[in-house]
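First the structure, in the form of C-alpha cells, and then the observations on it.
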Amino acid sequence: MRYSRALIPTVKEAPSDAVTASHILLTRAGYVRRIGAGIYSFLPIGFRVLKKIEQIITGEMDRAGAQQVLLPALLPADYFKESGRWDSFGDTMMRLKDRKGGDYHLGPTHEEIICDMARREIKSYRDLPKNLYQVQTKYRDEARPRAGLLRCREFTMKDAYSFDLNDAGALESYETMRAAYTRIFDRTGLTYRMVNADSGAMGGSQSAEFQVLTQSGEDQIVACEKCDYAANVEVASVRAGEPPTLPSDIPARKQVSTPKKKTIEDVSKFLDKEPASFLKSLVVRADGELVMAVVRGDHELSETKLARVLGVSEIGLAEPGAVVKTTGAKLGFSGPVGFSGKVVIDSAVLGIADGVCGANVTDAHLVHVQAERDFEATSADIRNVTEGDVCPECGGQLKLYRGIEAGHIFVLGTHYSDKMGATYLDKEQVKRSMVMGCYGIGVSRLVAATVEQHHDDNGILWPMSIAPYQVHIAQLGEEPQVVEAVAKLEQDLEDAGIEVLIDDRKERPGVKFKDADLIGIPLRVTVGARSLKTGQVELKPRAEPNPKNAELIQLSDAPQLIVERVQKLLKS
RNA sequence: CGGGGCGUAGCGCAGUUUGGUAGCGCGCACGGUUCGGGUCCGUGAGGUCGGAAGUUCAAAUCUUCUCGCCCCGACCA
C-alpha cells in the first residue's frame with residue numbers, strides 16, 4: 001500500500017477527551033475516531049489490526065473444533081425474557097421498540113440465542129458435543145464508558161458456547177478452550193496471565209480470566225513469582241497461617257485519649273505504634289444489617305470475601321450517620337469492643353497480641369486489645385491479598401499487577417439450558433439438559449490492550465502478528481534511483497507475501513520518521529539517495545529507540561533479509 | 001447513579017471575573033524556501049461561541065432551563 005493513496009490521518013494533538021495511552025495513540029496515529037461516548041469508527045489501519053486479531057482467534061477456534069456462526073445483533077425480547085435476563089440485565093441493555101411497539105434489544109451477549117439454536121437443532125446424545133462461536137458486534141449501555149476502546153458501548157467480541165452431555169464433558173470442552181486461549185494469547189504477543197476469577201454470582205463453577213498485564217488496567221491481580229498461580233486481588237485466598245499463641249502477659253485494655261486522631265496513620269504516630277498492631281474497624285451494611293469488619297491496620301478489607309462469608313448479596317460501607325448512631329462515636333473511633341452487632345475479623349487479627357482500636361467514644365482509642373480476650377468475633381479470610389503475601393499454592397511470594405480483562409472462560413452448567421429447554425435424549429431415552437460453557441474474548445478491547453502494553457513516548461510498537469503492515473518503507477526523496485529501488489523492493493516483498501506500507505508522500509524525512517514511529521509498524525526500511533550511493537538501504541526495528549543503530553544492508557539482499565526478519569519476529 | 005470538570009474554526013487552547021465588531025498555535029489552500037527526525041517566510045479560506053429562552057441599546061461573557069462529553073467513584077453475566 002502506498003501511503004499517498006491510503007487514509008492514515010495522523011495528528012500531532014489528540015482530542016482532549018483522550019486520556020489513556022491507547023486512546024491517545026490510536027487516535028493520533030489514525031487508527032480510530034470517536035463517534036459518541038463509547039462508540040468508535042475504525043479507520044483502515046485500525047480495521048486491519050482488528051482483522052488480524054480476529055484471524056488469530058478464528059484460526060485457533062476452528063483448530064479446536066469449534067464452528068463459526070452469525071447471530072443477529074437485533075433481538076426480540078422473548079429470548080431474554082425466557083432466561084429472565086430481560087429484567088435482570090437492567091439498564092446495561094440497549095433496548096428499543098419497533099414500529100408496532102414490540103420490545104427489542106441489541107445483543108449484549110448471546111447465550112439465549114445460541115441456546116435456542118441448540119434446542120432446535122440438537123436432539124440426541126449422538127449430536128453432542130458441539131462448540132459454536134461468533135465474532136460480532138455487541139452492545140452494552142455501560143454506566144460509564146471509558147478509556148477509549150477499553151470499555152465501549154459497542155464492541156467486537158468473540159464468544160464461543162459449548163454444549164456437552166454432562167459435567168465431565170463440559171469440563172473437557174473447557175480444557176480444550178483453555179488450551180486454545182493460551183495459544184491465541186501467546187500468538188498475539190501479549191504479556192498476560194490466566195487468573196482464577198470470581199465465580200461468585202453464577203455459582204462456584206470453573207472459571208478463569210485472561211488478563212493482559214499493563215500499568216493502567218481496571219483490575220488488580222496478584223501472581224506468584226515462582227509458580228503460575230494468579231488471581232484477582234478480591235478473591236485471591238490468603239494462606240491460613242498457624243493458629244498463633246499470643247503472650248498472656250499483655251496488660252488489661254485501657255482507654256486513652258486521642259483527640260482528633262481519626263486515621264490509622266494519625267493514631268499510629270500519636271501513640272508510636274505500628275499500623276500492623278491496629279484493628280482497622282469498618283462498619284458495613286450487609287443486606288441491610290450493620291456488621292463490623294475488622295482487618296489489621298496495614299491490610300485492606302475485601303468486600304467480595306466478606307459478602308461470601310456472610311452469605312449476603314449486597315454489601316458496602318455503612319453510611320456515616322448509621323456508623324455514628326450504632327457506635328456512639330464519630331467516624332474514626334469505631335472498634336469491636338462493645339460493638340452491638342455481629343463482628344467479623346480477618347484471621348490475621350488473631351495474631352495481634354497487643355492491639356489498638358477505636359473505643360466507640362469520640363476522641364478515644366483502646367490499647368492492649370486482643371481479639372477473643374477482649375471481644376467475641378468470628379474469624380475468616382476477609383482481606384485483600386497484598387504484595388509480598390505468601391502464594392497459597394506453592395508458598396512463593398505474590399506480586400501485584402494491574403490487568404485488563406481480555407478473555408473469560410467458564411463452565412455455565414445447565415443454567416440456560418434448563419430455562420430455555422435445551423435438552424437431548426440420552427441412550428436410556430431420558431431427557432437431559434445440555435451442559436454449557438461460555439468463552440469470550442474482547443477483540444476490539446485487545447486492540448487497545450495491546451497498545452497499553454506496547455508503546456513508548458513516540459508511538460505504538462505492534463507485535464508483528466497483529467501489526468497493520470509488517471514492513472514500513474520510508475522513501476526519502478524523489479530521485480529516479482530512489483523511486484526505482486522502492487518499487488523493486490515493494491514488488492519483491494509483496495511477492496514474498498509481506499504486507500508493506502510505503503511512505504511515498506512528498507514530505508520531509510522528519511515527518512515520515514515521526515509518523516512511522518507513531519503508527520508503530522515493527523520493521524522500518526529507509527530508502528534514500530544517501531545510502532543508495534553504496535547500494536544500501538537501512539533496516540530498523542521500531543523497538544530500537546536509537547536511529548543510529550539502524551542496520552545498513554545491500555539493496556540486493558534486502559528482500560530476503562527482511563522476509564527472514566519478519567518471520568523471526570512472528571515467532572518470538 | 002453520587003462527586004468534579006469541560007463545550008469558542010478540523011485539532012489544541014485564550015477571551016467569560018469587569019457585556020462593546022471573535023483571537024492564537026497546529027492543520028488546510030496558494031506562492032516562495034528548505035530537504036535524513038514534525039524547515040522557514042508570506043498570503044488566504046474557515047466559527048449559528050453546544051442548544052433554547054430571558055435581561056440589555058448591546059451577550060462567547062449575566063440569568064434560567066436543556067443537551068452532550070470527560071475524569072474519580074458506584075456498577076461491570
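Chain identifiers are assigned alphabetically (A, B, ...) following the order of the sequence lines, protein sequences preceding nucleic acid strands; residue numbering begins at 1 within each chain.
- Counting to the nearest Å, the P atom of B:rG37 and the CG atom of A:D515 are 15 Å from each other.
- Judged by distance alone, with hydrogens and angles left aside, A:R28 brings no side-chain donor or acceptor close enough to the base of B:rG12 to form a pair under 3.5 Å.
- With both ends at atom P, the span from B:rG3 to B:rC40 equals 48 Å, rounded to whole Å.
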task: Going 5' to 3' through nucleotides 70-76 of chain B, assign each nucleotide B (protein heavy atom under 4.0 Å from a base atom), S (under 4.0 Å only from sugar-phosphate atoms) or - (no protein heavy atom that close).
output: SBBBBBB
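- The pair A:D103-A:K81 counts as a salt bridge, with a side-chain nitrogen and a carboxylate oxygen less than 4.0 angstrom apart.
- Distance check: A:C152 SG to A:Y40 OH gives 6.0 Å after rounding to the nearest 0.5 Å.
- Rounded to whole Å, the distance from CZ on A:R505 to P on B:rC28 is 10 Å.
- With a 3.5 Å ceiling on both atom-pair distances, B:rG36 lacks any Watson-Crick or G-U wobble partner.
- One P atom belongs to B:rG20, the other to B:rU63, and the distance between them is 15 Å to the nearest Å.
- Within the nucleic acid shown, A:E538 comes within 4.0 Å of at least one base atom, counting heavy atoms only.
- Atom CD of A:E13 and atom P of B:rC11 are 12 Å apart (whole Å).
- For the pair A:R542 (side chain) and A:I460 (backbone), a donor-acceptor distance under 3.5 Å is present.
- In this structure, A:D418 atom CG and B:rA77 atom C1' are separated by 16 Å, rounded to whole Å.
- Mapping A:C438 and A:F513 onto RNA chain B by nearest heavy atom places A:F513 closer to the 5' end of the strand.
- Looking at heavy-atom distances under 4.0 Å, A:D91 makes no contact with the nucleic acid at all.
- Across the strands present, B:rG10 finds its partner in B:rC26; the criterion is a Watson-Crick or G-U wobble pair with both atom distances under 3.5 angstrom.
- For B:rG47, there is no paired base (Watson-Crick or G-U wobble, both distances below 3.5 Å).
- For the C1' atoms, the distance from B:rA74 to B:rU55 is 41 Å, rounded to whole Å.
- Here A:F80 and A:H105 bring their ring centres to under 6.0 angstrom of each other.
- At a threshold of 4.0 angstrom between heavy atoms, the contacts of A:R33 with the nucleic acid are absent.
- Of the C1' atoms belonging to B:rA14 and B:rC35, the separation is 35 Å, rounded to the nearest Å.
- In this structure, A:L518 places its CG atom 13 Å from C1' of B:rG37, rounding to the nearest Å.
- Backbone-only engagement by A:A14 is indicated by non-hydrogen atom pairs under 4.0 Å involving sugar-phosphate atoms exclusively.
- Distances shown here put every side-chain N or O of A:R530 at or beyond 4.0 Å from the OP1 or OP2 atom of B:rG36.
- A gap of 33 Å separates the C1' atoms of B:rU56 and B:rG4, to the nearest Å.
- OP1 and OP2 of B:rC11 both lie 4.0 Å or more from every side-chain N or O belonging to A:K12.
- Nucleotide B:rC76 has no partner under the Watson-Crick or G-U criteria, as no pair reaches both atom distances under 3.5 Å.
- A distance of about 7 Å separates the C1' atoms of B:rC67 and B:rG50, rounded to the whole Å.
- Spacing between atom CG of A:L552 and atom C1' of B:rG36 amounts to 12 Å, rounded to whole angstrom units.
- One interatomic measurement links the two molecules: CD of A:E479 to C1' of B:rC35, which rounds to 10 Å at whole-angstrom precision.
- The partner of B:rU63 is B:rA53, judged by Watson-Crick or G-U wobble contacts that both fall below 3.5 Å.
- In this structure, A:R85 places its CZ atom 10 Å from P of B:rA77, rounding to the nearest Å.
- With 3.5 Å as the limit, one finds a donor-acceptor pair spanning the side chains of A:T109 and A:E111.
- Across A:E112, A:M436, A:M434, A:H415, a single residue satisfies side-chain contact (heavy atoms from CB on, under 4.5 Å) together with A:M420, and that is A:E112.
- Separating the C1' atom of B:rG46 from that of B:rC30 is a span of 15 Å, rounded to the nearest Å.
- Counting only heavy atoms from C-beta outward, the side chains of A:L96 and A:L106 approach each other to under 4.5 Å.
- In this structure, A:R153 does not pair ionically with A:E142, as no charged nitrogen and carboxylate oxygen lie closer than 4.0 Å.
- Across all strands, A:P15 comes closer than 4.0 Å only to sugar-phosphate atoms, never to a base (heavy-atom distances).
- B:rU16 and B:rU61 are spaced 4 Å apart, taking the C1' atom of each and rounding to whole Å.
- Salt-bridge formation is not detected for the pair A:R193/A:E209: no Lys NZ or Arg NE/NH1/NH2 atom is positioned less than 4.0 Å from an Asp or Glu carboxylate oxygen.
- Residue order along RNA chain B, read from the 5' end via each residue's closest nucleotide, puts A:V11 first among A:V11 and A:E111.
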Report, one line per pair, each donor and acceptor closer than 3.5 Å where one atom sits in a side chain of residues 468-479 of chain A; sequence neighbours left out.
| from | atom 1 | to | atom 2 | distance (Å) |
| --- | --- | --- | --- | --- |
| A:Q470 | OE1 | A:E499 | N | 3.1 |
| A:Q475 | NE2 | A:G477 | O | 3.1 |

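- A:S88 comes within 4.0 angstrom of nothing in the nucleic acid, heavy atoms only.
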